[in-house]
Amino acid sequence: MHCLSPKMVCETKIVAEDHEAIPGSKKDSIIVSTSQMWPSLSGGPASGLPASGVGAEEELKKEPLYIREFHPKEQDVACRIFYDGIMERVPNTAFRGLKQQPLAQLMYVLLALLCFVVTKSLLLTCCVPVFLMGMRYYYSRKVILTYLNCALHTDMSDIEQYYMKPPGSCFWVAVLDGNVVGIVGARGREEDNTVELCRMSVDANYRGKGIAKSLGRKVLEFAVLNNFSAVVLGTTAVKVAAHKLYESLGFKHTGVVEHYALPGMTHSPLEKLFFQLRYHRYRLQLREE
């Protein structure tokens with residue numbers, strides 16, 4: 001199976017316009033400077049962090065929630081959080097997503113009417129919606145699993161290599177009570193002065209605590225500290241809460257792409273009939289070019 005490059009397999013991403021080359025030492029300074037830019041959430045460290053080393057780490061661990069850079073030993077837990085978060089899209093895309101697809105709704109109504117005309121059976125006609133929803137679930141799961149397979153064999157297969165080593169890129173984890181409960185990554189692009197936020201996900205057991213907003217703010221801080229000019233978000237999320245989160249961070253909705261194609265899609269007639277995605281774009285301008 002052919003998988004696209006890491007830039008193309010990021011389902012949920014924030015992008016900003018890139019700057020010149022970013023010094024390799026940038027990452028060490030971010031955790032000290034971020035609290036000066038936005039208020040700390042959920043009791044996170046506000047100020048006066050130790051300069052570096054074990055002292056800083058021990059001070060942070062006293063707090064219930066903090067965001068820090070990814071460590072290679074957290075590869076498995078990061079992949080698990082990402083996998084679980086994306087798999088939640090299966091029922092959301094199959095069922096909630098149908099509300100955003102009026103053409104698909106019309107097609108399903110016509111199929112039900114056709115069944116009644118052909119069979120004259122009310123029982124069989126009533127079974128049509130169940131069959132159609134079952135097919136939507138099947139194709140949603142099939143496409144999303146293919147997408148996950150691509151992601152887990154590209155950038156998520158080696159977070160250290162894809163996010164921590166390249167200039168202008170980074171990956172963070174949210175730690176609550178000693179447990180990694182959320183992830184987010186950022187990839188810089190020199191050619192258009194953008195930084196791409198990708199792989200944002202929070203463990204389902206720890207939601208409602210402001211963790212996703214903390215992760216989003218970390219990327220905004222990263223963009224400001226490294227002189228990016230804007231942050232842009234693209235998402236296929238169906239839940240309204242996800243869009244409200246982006247807006248609460250200051251993003252403005254700039255457009256939507258209908259019938260968005262995920263990596264690994266076959267574009268077969270049945271797939272087109274039972275699986276549809278809308279891709280929303282948001283933008284937060286930090287400075288003018």
Side-chain angles (χ1 to χ4, degrees), residues 5-42 44-47 49 65-70 78 82 155 159-160 162-174 182-202 210-235 237 242-255 279-289:
S5 67
K7 291 182 181 179
M8 296 300 296
V9 299
C10 300
E11 173 166 7
T12 303
K13 56 189 179 183
I14 293 182
V15 181
E17 292 170 318
D18 191 34
H19 61 308
E20 59 273 6
I22 300 174
S25 62
K26 69 184 186 321
K27 297 178 183 176
D28 295 332
S29 66
I30 290 172
I31 197 168
V32 177
S33 304
T34 52
S35 60
Q36 302 170 6
M37 301 173 58
W38 278 280
S40 178
L41 293 180
S42 304
S47 61
L49 295 179
L65 170 67
Y66 63 98
I67 312 297
R68 61 167 170 76
E69 290 181 17
F70 167 84
F82 170 69
D155 61 311
I159 294 171
E160 178 76 12
Y162 277 92
Y163 293 97
M164 303 307 294
K165 291 184 178 180
S169 299
C170 197
F171 200 94
W172 299 273
V173 295
I183 59 171
V184 70
R187 288 178 62 89
R189 301 189 303 187
E190 277 190 43
E191 65 273 14
D192 58 359
N193 195 33
T194 65
V195 65
E196 178 183 36
L197 180 150
C198 44
R199 310 317 190 196
M200 180 190 282
S201 188
V202 175
I211 297 172
K213 183 172 282 191
S214 294
L215 290 166
R217 285 179 171 176
K218 177 62 71 174
V219 174
L220 302 186
E221 293 164 1
F222 178 83
V224 170
L225 288 171
N226 291 285
N227 300 315
F228 289 102
S229 61
V231 183
V232 181
L233 165 70
T235 180
H243 297 273
K244 287 185 176 180
L245 168 65
Y246 309 139
E247 292 170 357
S248 73
L249 288 168
F251 289 92
K252 304 297 182 183
H253 190 264
T254 59
Y279 183 79
H280 297 266
R281 289 193 173 97
Y282 290 84
R283 183 181 184 88
L284 174 58
Q285 193 73 29
L286 299 176
R287 60 183 176 83
E288 295 298 329
E289 284 295 305

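Computed from heavy atoms alone, side chains included, the values below leave out hydrogens, waters and symmetry copies. These numbers come from a predicted model, not from an experiment.
Between Y279 and G234, the shortest heavy-atom contact is OH-CA, 3.4 Å. G188 approaches S169 most closely through the heavy-atom pair N-OG, 3.3 Å. When all heavy atoms of L245 and M200 are compared, the pair lying nearest together is CD2-SD, 4.5 Å. Minimum heavy-atom separation, A186 to W172: CB-CZ3, 3.8 Å. For the pair G168 and F228, the tightest heavy-atom approach, listed with the atom from each and the gap, is O-CZ, 4.3 Å. Across every non-hydrogen atom of L65 and S214, the tightest pair is CD2-OG, 4.0 Å.
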Could you go through L284 and L249, starting from their C-alpha distance and side-chain angles, then the distance that decides it, and tell me whether this counts as side-chain contact (heavy atoms from CB on, under 4.5 Å)? CA-CA 9 Å; L284 174 58; L249 288 168; 5.7 Å; no

Could you go step by step and tell me if V219 and V184 meet the side-chain contact (heavy atoms from CB on, under 4.5 Å) rule? CA-CA 8 Å; V219 174; V184 70; 3.9 Å; yes

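The backbone N or O of I183 lies less than 3.5 Å from no partner atom in the side chain of S201, so there is not a single donor-acceptor pair. A donor-acceptor pair under 3.5 Å is absent between the side-chain atoms of R287 and the main chain of V224, judged by distance alone.
Taken to the nearest 0.5 Å, the CG atom of L233 stands 11.0 Å off from the CZ atom of R281.
Contact of the Y246 side chain with the H280 side chain is not registered, since no non-hydrogen atoms from C-beta on lie closer than 4.5 Å.
Residues satisfying the side-chain hydrogen bond (donor to acceptor under 3.5 Å, both in side chains) criterion with S248, sequence neighbours excluded, are K213. Checked against side chain to side chain contact (heavy atoms under 4.5 Å, CB included), E160 has the following partners two or more places apart in sequence or in another chain: F70, P72, D158, M164, K165.
With respect to D155 and R187, no salt bridge is recorded, no charged nitrogen being found less than 4.0 Å from a carboxylate O.
Here the rule is side-chain hydrogen bond (donor to acceptor under 3.5 Å, both in side chains) with Y282, and of K252, H243, H253 only H243 fits it.
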